[in-house]
Amino acid sequence: MNTLPAQSDALLDIRDLAISFKTDEGKVRAVDGVSISVKPGQIIGVVGESGSGKSVTMQSILRILPGNAIVERGEILLRQSRNGSDAEVVDVTQINPNSKRMRSIRGGEVAMIFQEPTASFSPVYTIGNQMMEAILLHRDVNKPEARTIAIDMLARVGISNPERRIDQYPFEFSGGMRQRAMIALALSCNPSLLIADEPTTALDVTIQAQVLELMKDLQRDLGMAILFITHNLGVIAQIAEEIVVMYLGTIVEKGPTREIFHNPKHPYTVNLLKAIPKVGQSRTRLAAIEGNVPSPLERPTGCIFHTRCSQRTHGTCDVYAPKLTQIGPDHTTSCFLYE
Amino acid sequence: MVKFLLQRVLGLAVTMFFVSIMVFAIMELPPGDYAERYAFRKFSGTGVTLSEADIQSIRVDLGLDKPPWERYISWIGGIITRFDFGPAFAFETSVNKVIGQRIWLTLAILFSTLILTYLIAIPIGIYAAIRRHSIADYSLTVFSYLGLALPNFLLALVLLYISVTAFGSSVGGLFSPEYANAPWSFAKAVDLLQHLIVPTIVLAWSATALQIQTVRATMLDEINKLSVAAARARGVPETRLLLKYPARLAINPVVSTIGFDINRIFSELPIVALVLGLPELGELLIKSFLDLDMFVAGAILLILTFMIVFMNFLSDIVLAMLDPRVRLQGG
Ligand SMILES: Nc1ncnc2c1ncn2[C@@H]1O[C@H](COP(=O)(O)OP(=O)(O)OP(=O)(O)O)[C@@H](O)[C@H]1O
Ligand SMILES: [Mg+2]
């Protein structure tokens, strides 16, 4: 099949990914030229306002995009470490989404947790039923063994009395507990990559902090890489080593967390940092940036951010697209100010 | 769950109590006196002249001099303890005799219609939702609107025509002539079933059309739920995923409208029965109202409402089994 020799040490290498949606109003470009590389065990934060294409990018890794989505170009290279040492790299975009191979990646090698812990469990099956479903699909165990694994995992994420809780329904759990259970489910098959799509947005501030702490702990113990998506730079600062800033389907800046916080370059990043919610209001969305995100149907020409940028230069920013510029060793941005 | 069951049983009993009072009130509604009508029927044209005293004695014979609540108690008491629905004076026999055969036929048609409806509507509704916007989906939609628009009696006539010309079978009535008076046998039962096919199809037609749309709409809702995406993201194969998560919930609205379906089918039954010459309850109900034969009307109303209330009770229980939220939170 579409296996390539392992070229880099990256676990996941998204290269120049572009995704569109067919809609009644026409074709909508949701992701345009995104490249993200994730090393094993690395925690990468992806931040951006609503509609910046974060979720779409993540869904494309698992090939669970809505039916009207088209992957226009790009590669999503995933390193599969089958039977120990001999790693092989597959381009996920080339795999049939309904194939067995794709299904073994979903949940097995790449697991995903979602923003709404309430809605991510089906209300008519027990937590245990849904956890064991994943375990039985991906691990070579029988039912009692799967149950033991699930109970252990529930205990591991801090759910007390897991032997009893495993047979309860999602609505018998609190929001925070549900998200813990979802994390337990996702990690019960030892994925090498965990995609967390705004896993704490729907939770209270204190619970949010606990869940973040838990995810860091689990990452240290289990060693999986995490792609952590959020609106909230404040949340990302606590967990990520590297930050990817997205705007309207493209990456405007990328760099180590410290660099992004202390030496932000792109005007959009600078604005995002200014908009970090203060203590006590960390659930408010990033609304402080002037102007609105343009409709994806009317993507601005030139630099996509120029319509809201206070430092734009006429004749340049609204006409030409800025190139990716190296700022530091791992720090890049796309802005004419630095070209 | 035990508490839930007890609650529902109690609800069933209370509802039936009020229903029986209402039915009784309806039976009392027609103007004039039961005894006078009884006397008129029995003796009109015989040349016998009756005095007020004679009518009064009939009244006492029939227990009509008693206050309504006593009559209610003896009526309902007879039904509960002896399954005796009282006298049917227009036929000068008991209600039980008059409705006896018809009730089984009516129940057979009701249930075969329900079963046929669900057997067709549930899988097709689910399929249409999965294949949304496909040719199959569109043709099913057109078909089901046709089903809703086509009058039952017309469909009954068309099917009658087809089965007589194409299969040479006699569809009217309950039995073919050769079995009508024959003793019960396997062949006679098969003959009966054959005669039930056309009315069942006719009645199931519009019910199916409606339920396909319901199932399809719920299924579409459920398919887009995050929990389905989450299950897909953990590698559940697509067919299993669709059956385990959205399809299971798409059945709920069907289950919860069983009582409604029975009511609909029953009200459509008389016209179909008329076309097909079937002796069923709906037609008898209308006739008994025209004849002011109130014990017959009362019995039919009571049996029908009991059926509906009981099926609602059953559907509550099935829903509770399907959906733990109902079961554990007391719905
Ligand atoms: N099913 C769809 N049909 C059409 N367009 C879609 C669809 N799903 C997403 N899009 C488009 O893709 C763009 C990116 O959406 P995406 O959900 O990835 O944003 P996001 O960054 O995750 O935002 P949020 O923070 O709100 O979750 C949106 O502008 C939207 O218009
Ligand atoms: Mg999103």
Side-chain angles (χ1 to χ4, degrees), chain A residues 55 58-59 61-68 97-126 129-139 167-172 178 182 185-189 191 194-195 197 202, chain B residues 1 4 126-137 215 218-256 316-331:
Chain A
S55 297
M58 298 309 139
Q59 286 163 7
I61 301 172
L62 287 180
R63 301 294 304 276
I64 52 171
L65 287 166
N68 58 336
N98 295 320
S99 64
K100 198 160 178 228
R101 177 147 205 199
M102 196 61 239
R103 290 201 304 269
S104 79
I105 293 175
R106 289 181 194 147
E109 279 156 277
V110 181
M112 190 154 175
I113 57 181
F114 302 85
Q115 177 171 345
E116 297 287 341
T118 309
S120 19
F121 281 107
S122 161
V124 296
Y125 297 97
T126 60
N129 176 308
Q130 295 175 68
M131 284 187 79
M132 284 161 63
E133 175 178 64
I135 298 168
L136 288 167
L137 277 170
H138 298 292
R139 296 177 67 164
D167 293 320
Q168 289 188 335
Y169 289 91
F171 56 82
E172 299 175 89
R178 272 191 286 258
M182 200 68 214
L185 190 160
L187 298 180
S188 58
C189 300
L194 175 67
I195 300 173
D197 194 346
Chain B
M1 188 70 190
F4 176 84
I126 289 173
Y127 180 80
I130 295 172
R131 287 287 137 81
R132 186 179 172 198
H133 298 323
S134 68
I135 295 176
D137 181 26
V215 172
T218 324
M219 185 75 186
L220 281 180
D221 253 20
E222 290 294 330
I223 282 179
N224 291 321
K225 290 264 166 84
L226 183 59
S227 54
V228 176
R232 189 174 289 125
R234 61 177 171 260
V236 183
E238 201 62 19
T239 310
R240 191 163 126 201
L241 174 93
L242 292 172
L243 291 181
K244 180 173 174 183
Y245 296 99
R248 162 152 173 183
L249 284 154
I251 298 173
N252 285 10
V254 176
V255 173
S256 56
D316 274 355
I317 296 196
V318 174
L319 268 187
M321 291 189 323
L322 284 175
D323 193 334
R325 285 168 297 184
V326 179
R327 181 165 72 235
L328 298 172
Q329 298 175 331

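In the text below, chain A, chain B and the rest are named by the order of the sequence lines, each starting its count at 1.
Between the side chain of Asp137(B) and the backbone N or O of His133(B), at least one donor-acceptor pair lies under 3.5 Å. Judged by distance alone, the side chain of Tyr127(B) and the main-chain N or O of Ala136(B) form no donor-acceptor pair under 3.5 Å.
With respect to chain B, the highest number of heavy-atom pairs below 4.5 Å among Arg106(A), Gln59(A), Gln130(A) belongs to Arg106(A). Counting heavy-atom pairs closer than 4.5 Å to chain B, the top-ranked of the candidates Val124(A), Ile105(A), Val110(A), Ile113(A) is Val124(A). The greatest number of non-hydrogen atom pairs below 4.5 Å with chain B, out of Glu133(A), Met112(A), Glu172(A), His138(A), is found for Glu133(A).
Ala119(A) touches chain B through backbone and side chain together, each having a heavy atom under 4.5 Å away. In this structure, the portion of Leu185(A) lying under 4.5 Å from any heavy atom of chain B is its side chain and not its backbone. In this structure, chain B has no heavy atom under 4.5 Å from any part of Met102(A). Contacts of Leu322(B) with chain A are made by backbone atoms alone, with heavy-atom separations under 4.5 Å and no side-chain atom involved. With a threshold of 4.5 angstrom between heavy atoms, Phe114(A) approaches chain B through side-chain atoms but not through N, CA, C or O.
Considering all non-hydrogen atoms of both residues, Glu222(B) and Val228(B) come closest at O-CG2, 3.3 Å. Of all non-hydrogen atoms in Leu220(B) and Ala129(B), the two that sit nearest each other are CD2-O, 3.5 Å. Looking at every heavy atom in both residues, Cys189(A) comes nearest to Gly107(A) through CB-O, 3.5 Å.
The cationic atom of Lys225(B) (NZ for Lys, CZ for Arg) does not lie both less than 6.0 Å from the six-membered ring centre of Tyr245(B) and within 45° of the ring axis.
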